[in-house]
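Report on the structure given below.
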Amino acid sequence: MQNESQTNSRLAEEIRDFKKKRKAIILAHNYQIPEVQDIADFLGDSLELSQKAAQTDAKVIVFCGVRFMAETAAVLSPQKRVLIPDVQAGCPLADMLTVKDLRSLKESHPGATVLCYVNTSAVIKAESDVCCTSANADRIVKALKSKSEIIFVPDRHLADYASRRADKDLIVWNGHCPVHIGISGEDVLRQKRTHPAAKVIVHPECTREVIDLADGVFSTSGMGKYAKETEAKEIIVATENGFLYRLAKKNPDKKFYPACEKAVCADMKLITLKKVLWALKNMQFEVKIPPQIQKKAKQALGRMLEIT
Ligand code: 13P
Ligand code: SF4
């Protein structure tokens with residue numbers, strides 16, 4: 001009988017062999033489970049992962065994250081095969097906006113520029129003018145011309161943060177990330193009382209109440225950079241808790257505390273080593289985007305990459 005760590009090393013070895021056979025690269029989001037983070041060729045936030053997907057010359061991308069992220073990779077690299085090890089891994093925030101919703105919002109605001117968060121399906125991106133991620137939402141809002149109205153979908157908290165930073169009004173869709181809005185101001189204050197010397201870093205999908213308690217507001221990779229550069233030895237982290245594994249691994253001399261123990265994205269945890277191996281063996285589940293959607297969605301992502 002093998003113990004868990006022996007099983008994981010065996011799976012990791014098989015994954016390495018199959019990866020070579022398939023000329024594949026494994027991209028993983030910062031919220032993935034530790035063993036998946038450990039076998040990734042590249043680990044990052046949504047912006048970094050989309051840049052990496054656009055640049056790699058691998059034939060196959062195994063995307064360990066949620067569906068919209070794998071779709072983004074397929075939009076940016078239509079000549080590659082993009083696999084997601086579990087098709088059920090969705091994003092409840094992305095699912096809060098349908099194409100029908102967006103079309104009727106556009107009809108109510110003719111002439112408005114549509115800015116969509118990367119946490120959206122490819123069809124929503126195809127209906128949008130420009131895309132953004134949590135790493136650049138404020139910069140993109142700032143860069144858009146002030147003359148026309150700006151529709152921001154689907155996350156109202158990220159919209160509120162970007163609007164305040166850029167000092168621009170936005171027409172906002174009422175979506176939210178259930179994981180990030182579950183972190184309360186009281187959660188952060190409780191951790192502050194327990195660790196008074198700790199700095200507080202917050203993801204912009206959190207509520208305004210939590211954002212206003214932060215020493216820094218960042219995408220996950222922005223948090224990683226802050227954690228490395230700060231002189232603080234203790235940091236309270238308000239985002240999905242899977243990211244604390246990477247923070248602790250990269251900064252063994254520092255202590256990281258989750259703002260809220262319950263901040264766990266069940267969809268992100270659906271990807272396992274077994275499923276990654278299965279995906280490589282069976283070349284499944286392939287993410288395919290119809291060409292007319294791919295072309296338009298790529299333009300929205302392309303505008304974002306140009307601005308940033
Ligand atoms: P990042 O792009 O900051 O990693 O965030 C992605 C996400 O899904 C946040 O919940
Ligand atoms: Fe979506 Fe929130 Fe999960 Fe990120 S943490 S994938 S926004 S549900």
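Start at 1 and go down the list; that is how both ligands and their atoms are numbered. Keep in mind that what you see is a predicted model, and the values were worked out from it rather than measured. Residue numbers count from 1 along this sequence.
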Would you tell me whether S134 and Y161 have side-chain atoms, one donor and one acceptor, within less than 3.5 Å of each other? no

Are R193 and E186 ion-paired here, with the side-chain N under 4.0 Å from a carboxylate O? yes

Using a strict 4.0 Å cut-off to heavy atoms of N119, name the atoms of ligand 2 that fall inside it. 7 (S)

Check whether the side chains of T113 and S148 place a donor and an acceptor atom closer than 3.5 Å, and report yes or no. yes

Ignoring water, what protein N, O or S atoms are under 2.8 Å from atom 3 (Fe) of ligand 2? C265 SG

Does one side chain, of S5 or N8, offer a donor that lies under 3.5 Å from an acceptor on the other? no

For E14, is there an ion pair with R10 - N to carboxylate O distance below 4.0 angstrom? yes

State whether D41 and K19 are salt-bridged, where the test is any N-O pair (Lys NZ or Arg NE/NH1/NH2 against Asp/Glu carboxylate O) under 4.0 Å. yes

Short list, please: which atoms of ligand 2 are under 4.0 Å from a heavy atom of E205? 2 (Fe), 7 (S)

What does the N/O contact table under 3.5 Å look like for ligand 1?
{"unit_1": "ligand 1", "atom_1": "2 (O)", "unit_2": "S46", "atom_2": "N", "d": "3.0"}
{"unit_1": "ligand 1", "atom_1": "2 (O)", "unit_2": "S46", "atom_2": "OG", "d": "2.8"}
{"unit_1": "ligand 1", "atom_1": "2 (O)", "unit_2": "S134", "atom_2": "OG", "d": "3.4"}
{"unit_1": "ligand 1", "atom_1": "3 (O)", "unit_2": "S134", "atom_2": "OG", "d": "2.7"}
{"unit_1": "ligand 1", "atom_1": "3 (O)", "unit_2": "H203", "atom_2": "NE2", "d": "2.8"}
{"unit_1": "ligand 1", "atom_1": "3 (O)", "unit_2": "T220", "atom_2": "N", "d": "3.0"}
{"unit_1": "ligand 1", "atom_1": "4 (O)", "unit_2": "H29", "atom_2": "NE2", "d": "2.6"}
{"unit_1": "ligand 1", "atom_1": "4 (O)", "unit_2": "T220", "atom_2": "OG1", "d": "2.6"}
{"unit_1": "ligand 1", "atom_1": "5 (O)", "unit_2": "H203", "atom_2": "NE2", "d": "3.3"}
{"unit_1": "ligand 1", "atom_1": "8 (O)", "unit_2": "N119", "atom_2": "ND2", "d": "3.3"}
{"unit_1": "ligand 1", "atom_1": "10 (O)", "unit_2": "E205", "atom_2": "OE1", "d": "2.9"}
{"unit_1": "ligand 1", "atom_1": "10 (O)", "unit_2": "E205", "atom_2": "OE2", "d": "3.3"}

Pair D101, T98: side-chain N/O donor-acceptor within cut-off below 3.5 Å: yes

Ignoring hydrogens and geometry, is there a side-chain-to-backbone donor-acceptor pair from K262 to G182 under 3.5 Å? no

So, are K249 and D38 salt-bridged, with charged N and O less than 4.0 Å apart? yes

Any sub-3.5 Å donor-acceptor pair from E234's side-chain atoms to A197's backbone N or O? no

